[in-house]
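To start, the structure itself, in structure tokens.
Note on naming: letters A, B, ... go to the chains in the order of the sequence lines (proteins, then strands), and numbering restarts at 1 for each one.
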There are 2 protein chains.
Amino acid sequence: MTKSSASTEAVDDYLKAILELSGPADARVTSNALAAHLSIRAASVTGMLQKLAALETPFVLYEKHRGVRLSPAGRRRALEVIRHHRLLERFLHDVLDYPWDEVHEEAERLEHYISERLEDRIAARLGHPGHDPHGHPIPAKNGAVAERTEVELSRWPCGVPGTISSVSDRDPAALREMKRLGLVPGTSVLIEPGARTGSVLVRVAGQTPTRLAPEIAAGVLIGEGS
Amino acid sequence: MTKSSASTEAVDDYLKAILELSGPADARVTSNALAAHLSIRAASVTGMLQKLAALETPFVLYEKHRGVRLSPAGRRRALEVIRHHRLLERFLHDVLDYPWDEVHEEAERLEHYISERLEDRIAARLGHPGHDPHGHPIPAKNGAVAERTEVELSRWPCGVPGTISSVSDRDPAALREMKRLGLVPGTSVLIEPGARTGSVLVRVAGQTPTRLAPEIAAGVLIGEGS
DNA sequence: CGCTTGATTTAGTCATGCCTAAATTTGCAG
DNA sequence: CTGCAAATTTAGGCATGACTAAATCAAGCG
Ligand SMILES: [Mn+2]
Ligand SMILES: [Mn+2]
Ligand SMILES: [Mn+2]
Ligand SMILES: [Mn+2]
């Protein structure tokens, strides 16, 4: 007879992963993709998906062998957790002086445990920010997200000025390197001629051009239509 | 063969409860007392105590039918969690404008999930405070606690001036009432003659005397030797 | 259209923690 | 000293979530 109640950390993480992997088109996500993303065995993923689909108010729509999609309730919860995560990152960075490469890990844990009350207090204290320190949009309380089209710096056309909209927050070392080079959201960049396999020659904020390693360039996103 | 690793929320709560119930004399705590304090069945408590005692590095010393005491490792962890709790209360109150009757619930959950790093940042941001908003001492990183002898206001002698050292933080309604009456740590009080069953006639900070309900008076503690 | 193969699900376990019901032990009163 | 009542432990279960090994399904290939 399933159960109602709130979500656990494990459930939250599945919902976030499904939202991230399903992309803007809301495509179905396979068990295998989730298993890889969450570092959990595919067999365990199947079990969890069946449970999430069998809830009184299901969090996912599941057809065996064809992957899952979020239900409205699942999407709502996923966005709430992402809101917690990004508000926490902004807060740790702005109020507690965390360096931007350390906020992710702390937020990843706390996002599941802060109350609505604390979420609101943090948002108010920060002046209801629109983005986290890495440039990712913070969903509004109603779930609205300011979506943008973004292109990897490594694929941005040569000679066209662009502005960094966000950077990947998964690799602390890469983040430190980006900060050192001035590759932060809001900075304007220009790709110089002289491409070599994967690497990119970029002029950051009008400075002398620098050559970026492929891993770095892949983690920097340029906003289209700025 | 047991397990090593970190502690869970359940384990943390047991350790805190044992520390609180064993008092300054470090007396043995019974399963029943823990069951009542934690709102868990005595049978479940026994199971957990056996596990905590069987750990590679035991958190408790357990003799069946005779109660438990904390091991050095157990005491260390309990004090760390209490430090987290009180720092969080201070932080929520001072930095995020939480009213003092709402900090406890939020801290009770978060205390198990903040990293050492966040603990340190919060302490630094607050200037390494010695007490939480209710006047309870914040253990130092090394576990040192500034112990004081305290007496319930309801048992404080008539006519002897005293200073409020702390108040119980368990009952939000009582805390709101205390705040309204000015019964906060640091305030001086004087018991006036005119005792009735349980209630107390008290002069707060030199104001006109007020009569306190027994539940309120029992939650206000006066420091001895101030 | 069958086959092989990789993806996915099922079956059977395990650890954590809590619960109820049924022993057991303790300690105190008579 | 006995016995009883209260405290405590044991036994047996359940829910969550993850894992391994063993099916089973789905697709593309010949
Ligand atoms: Mn998480
Ligand atoms: Mn981020
Ligand atoms: Mn707790
Ligand atoms: Mn407190």
Side-chain angles (χ1 to χ4, degrees), chain A residues 1-18 21-22 27-69 74 77 81 108-109 112-113, chain B residues 1-18 21-22 27-69 74 77 81 108-109 112-113:
Chain A
M1 284 293 96
T2 75
K3 268 280 279 296
S4 48
S5 77
S7 57
T8 63
E9 173 159 5
V11 170
D12 281 353
D13 285 342
Y14 273 91
L15 298 179
K16 269 205 312 178
I18 296 169
L21 294 174
S22 62
R28 275 194 287 250
V29 179
T30 66
S31 304
N32 244 19
L34 283 169
H37 189 85
L38 295 169
S39 298
I40 284 174
R41 297 298 122 133
S44 308
V45 171
T46 296
M48 179 62 101
L49 295 183
Q50 292 174 338
K51 200 176 57 176
L52 296 180
L55 292 173
E56 184 190 298
T57 302
F59 275 141
V60 305
L61 310 174
Y62 170 70
E63 291 176 81
K64 66 166 65 166
H65 293 289
R66 345 191 88 246
V68 280
R69 289 166 47 182
R77 177 59 189 169
V81 177
E108 187 63 35
R109 206 165 356 91
H112 312 287
Y113 301 107
Chain B
M1 279 293 96
T2 75
K3 269 280 279 299
S4 46
S5 77
S7 56
T8 63
E9 173 158 5
V11 170
D12 281 352
D13 286 342
Y14 274 91
L15 298 180
K16 270 205 311 179
I18 296 169
L21 294 173
S22 62
R28 274 194 288 250
V29 179
T30 66
S31 305
N32 244 19
L34 282 169
H37 190 84
L38 295 169
S39 299
I40 284 174
R41 298 298 125 141
S44 308
V45 171
T46 296
M48 179 62 100
L49 295 183
Q50 291 174 335
K51 200 175 56 175
L52 295 180
L55 292 173
E56 184 190 297
T57 304
F59 276 142
V60 304
L61 310 173
Y62 170 70
E63 292 177 81
K64 66 166 65 168
H65 294 288
R66 343 192 91 246
V68 281
R69 289 166 47 180
R77 176 62 190 167
V81 176
E108 187 63 33
R109 205 164 356 91
H112 312 287
Y113 301 106

Expressed in angstrom and rounded to an integer, what is the separation of [X] atom [atom1] from [N] atom [atom2]?
{"X": "A:K64", "N": "D:dA26", "atom1": "NZ", "atom2": "P", "value": "9 Å"}
{"X": "A:L34", "N": "C:dT9", "atom1": "CG", "atom2": "P", "value": "10 Å"}
{"X": "B:Y62", "N": "D:dA7", "atom1": "OH", "atom2": "C1'", "value": "11 Å"}
{"X": "A:Q50", "N": "C:dT8", "atom1": "CD", "atom2": "P", "value": "13 Å"}
{"X": "A:L38", "N": "D:dA18", "atom1": "CG", "atom2": "P", "value": "8 Å"}
{"X": "A:R66", "N": "C:dT9", "atom1": "CZ", "atom2": "P", "value": "11 Å"}
{"X": "B:H37", "N": "C:dC18", "atom1": "NE2", "atom2": "C1'", "value": "18 Å"}
{"X": "A:L49", "N": "D:dA18", "atom1": "CG", "atom2": "P", "value": "11 Å"}

For the side chain of [X], counting heavy atoms from C-beta on, which of [options] is nearest?
{"X": "A:S44", "options": "D:dA21, D:dT8, D:dA18", "answer": "D:dA18"}
{"X": "B:T8", "options": "D:dG17, C:dT16, C:dT26", "answer": "C:dT16"}
{"X": "A:A42", "options": "C:dG17, D:dG17, C:dT9", "answer": "C:dT9"}
{"X": "B:T46", "options": "C:dT25, D:dT16, D:dT10", "answer": "D:dT10"}
{"X": "B:K51", "options": "C:dT16, D:dG17, D:dA26", "answer": "C:dT16"}
{"X": "B:A43", "options": "D:dT10, C:dT9, D:dC19", "answer": "D:dT10"}

Grab the two heavy atoms, one from [X] and one from [Y], that are nearest each other, plus how far apart they are.
{"X": "A:R69", "Y": "A:A27", "result": "CG-O, 4.0 Å"}
{"X": "A:Y62", "Y": "A:A53", "result": "CB-CB, 3.7 Å"}
{"X": "B:L34", "Y": "B:V45", "result": "CB-CG1, 3.9 Å"}
{"X": "A:L38", "Y": "A:A17", "result": "CD2-CB, 3.9 Å"}

Item to complete: For B:S31, answer base if it contacts any base atom (sugar-phosphate contacts may also be present), sugar-phosphate if it contacts only those atoms, and nothing otherwise; contact means non-hydrogen atoms under 4.0 Å.
Response: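 The residue B:S31 makes sugar-phosphate contact but no base contact.
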Item to complete: Measure the shortest side-chain to side-chain distance between B:L15 and B:V81 over non-hydrogen atoms and say whether it is less than 4.5 angstrom.
Response: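 The answer is no; the side chains never approach within 4.5 Å.
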Worksheet item: Looking at A:Y14, does any N or O in its side chain come under 4.0 Å of the phosphate oxygens OP1/OP2 on D:dA18?
Response: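 Checking D:dA18 against A:Y14, a side-chain N or O does come within under 4.0 Å of OP1 or OP2.
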Item to complete: Could you check B:V45 against A:E9 and say which one's nearest nucleotide on DNA chain D is further toward the 5' end?
Response: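 Result of the comparison: B:V45.
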